[in-house]
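Structure first, commentary second.
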Amino acid sequence: MTLPAYDLVGETLLRALAERGFQATLPEPTTLEIVLPDGHCLTQDITEWRRNADRGGPAVVPRIAAEFADQAATVLGRYAAQQRAGGMPSPESLRTRIYTDEAIGDMRDGVVARRLAPGLLETVVIDHPDMMTVLNRADLGDADENRVFGTALANSIGAEPHYAESDDVQGVPVTHIGGTHRYVGAHVHVLGRHVDPSRAPYGALVSFPVPEYVIVHVIEDDVHLFGAMEVMQALTEHQFERGEKSISPQVYWWRPGPYERLPEEEALAGGGVPDLRPVGIEIDHEDKTVTSGTADTAELVDLWMLDRA
């Protein structure tokens, strides 16, 4: 995504921040990056702010930008004071957010992140009242990284409102776990709350198209696997293409195992993650052929078909 030739709202915001001594850029129209004097880069999604600014018209944009910049100065002042004092931010402010490898890019080694699944990273972030910032590895100090992840996951799951709704899509039962915040992906660590592993011998298909949703289909005996995969791929692709800050169109095979057998608190803080494997198929309905996209797909298909034989 690129900025238009002249972006009145964006340029006014950058100018207001510069007047207050902040070096800021807009890598995307809805993403603001502010570089602090210590080199740390803070990122904020400004989608909603832009909508409000656009509704006000050109005459009020300078005032709205100035108010935003003043709020940012307050938040960043608290952040700078915390950095000078040293130590971790308050545990209550920690959350987790899922990014792709490409989205994290060169920041990978400098932030508190770990592998969640092929192509996906789980990152600890700080939830400020007015913005979200990534937790830098240098700020961990003597804190145990696994316990920091455990706290961030517990907050994302327990302190943020969410819902779980099930629906039938073309004969395929699908559950949406959702919320109005960007930390819903943490619920993949507690899928046992939404899916009884004892009733899911093949596990489930799971996807993370946008930060606000996790899509789940329990693989069943009486719902054909190919139809379920086709529906899940279509739903995921649709939300990925239409969403803000989309994550990935990839569908994963969740295989309950040792992680799910741990007590929940121990699992969250133990350093492990659920077993998630990328899967996908291509169906040629005219030729009536199915092509597996990955080795894990072939394994899943073989496992499901073997029990039908």
Side-chain angles (χ1 to χ4, degrees), residues 96 98 100 115-120 122 153 156-157 162-179 183-240 243 247-264 267-268 272-283 290 292-308:
T96 60
I98 297 174
T100 60
R115 177 66 56 199
L116 175 64
L120 297 181
E122 190 170 50
L153 287 168
S156 300
I157 296 164
H162 72 279
Y163 62 87
E165 295 179 349
S166 296
D167 197 7
D168 188 283
V169 182
Q170 300 177 27
V172 177
V174 175
T175 297
H176 282 78
I177 305 170
Y183 314 127
V184 177
H187 281 264
V188 73
H189 286 267
V190 292
L191 279 183
R193 295 186 182 185
H194 309 283
V195 175
D196 183 353
S198 67
R199 297 186 178 182
Y202 311 106
L205 300 175
V206 180
S207 66
F208 311 88
V210 294
E212 297 86 357
Y213 292 103
V214 176
I215 308 178
V216 183
H217 163 72
V218 178
I219 302 170
E220 303 176 348
D221 288 322
D222 54 354
V223 176
H224 201 287
L225 176 61
F226 295 163
M229 293 185 74
E230 197 170 27
V231 164
M232 282 290 291
Q233 289 175 174
L235 283 175
T236 302
E237 185 72 33
H238 176 74
Q239 290 199 7
F240 174 78
I247 300 175
S248 172
Q250 179 65 56
V251 175
Y252 292 87
W253 174 24
W254 172 61
R255 300 195 68 176
Y259 183 86
E260 284 72 25
R261 289 193 288 271
L262 291 172
E264 189 173 288
L268 295 181
V273 296
D275 186 356
L276 298 168
R277 308 181 184 190
V279 293
I281 58 172
E282 292 185 13
I283 300 179
V290 178
S292 296
T294 67
D296 290 310
T297 307
E299 182 182 349
L300 171 58
V301 171
D302 289 345
L303 179 64
W304 192 84
M305 295 293 287
L306 182 62
D307 287 345
R308 320 262 86 62

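Along the sequence shown, residues carry numbers from 1.
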Are side-chain heavy atoms of [X] and [Y] found at a separation under 4.5 Å?
| X | Y | answer |
| --- | --- | --- |
| Tyr202 | Leu225 | no |
| Thr175 | Val218 | no |
| Val216 | His194 | no |

Could you tell me which non-hydrogen atom of [X] sits nearest to which non-hydrogen atom of [Y], and how far apart they are?
| X | Y | value |
| --- | --- | --- |
| Ala117 | Leu276 | CB-CB, 3.8 Å |
| Leu153 | Ala186 | CD2-CB, 3.8 Å |
| Gln233 | Val279 | OE1-O, 4.5 Å |
| Leu120 | Arg115 | O-NH1, 3.1 Å |
| Pro278 | Thr294 | O-OG1, 2.9 Å |
| Pro173 | His217 | O-ND1, 2.8 Å |

Using the side chain to side chain contact (heavy atoms under 4.5 Å, CB included) rule, take Trp304 and His224 through it: C-alpha gap first, then chi angles, then the decisive distance, then the call.
CA-CA 9 Å; Trp304 192 84; His224 201 287; 3.9 Å; yes
Between CD of Glu237 and CE of Met232, what distance do you get to the nearest 0.5 Å?
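It comes to 13.0 Å.
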Return the CE to CH2 distance between Met229 and Trp253, rounded to the nearest 0.5 Å.
10.0 Å
Report the residues that fulfil side-chain contact (heavy atoms from CB on, under 4.5 Å) with Gln170, sequence neighbours left out, ordered by chain and then residue number.
Val231
Which is it for Arg193 and Ile157 under the side chain to side chain contact (heavy atoms under 4.5 Å, CB included) test, yes or no, and what are the steps along the way?
CA-CA 11 Å; Arg193 295 186 182 185; Ile157 296 164; 3.4 Å; yes
Excluding sequence neighbours, so at least two apart, what forms side chain to side chain donor-acceptor pair (under 3.5 Å) with Glu260?
Trp254
With distance as the sole test, does Tyr163 use its side chain to make a donor-acceptor pair with the main-chain N or O of His176 at under 3.5 Å?
no
Go through Tyr259 and His189 one step at a time and tell me if the ring-ring contact (aromatic ring centres under 6.0 Å, His included) criterion holds.
CA-CA 9 Å; Tyr259 183 86; His189 286 267; 5.6 Å; yes
Enumerate donor-acceptor pairs with a distance under 3.5 Å from any side-chain N or O in residues 203-214 to protein atoms, sequence neighbours excluded.
unit_1 : atom_1 : unit_2 : atom_2 : d
Ser207 : OG     : Thr236 : OG1    : 2.7
Glu212 : OE2    : Arg182 : NH1    : 3.1

Quick one: sort the His162 and His187 rings into parallel, tilted or perpendicular, breaks at 30° and 60°.
tilted
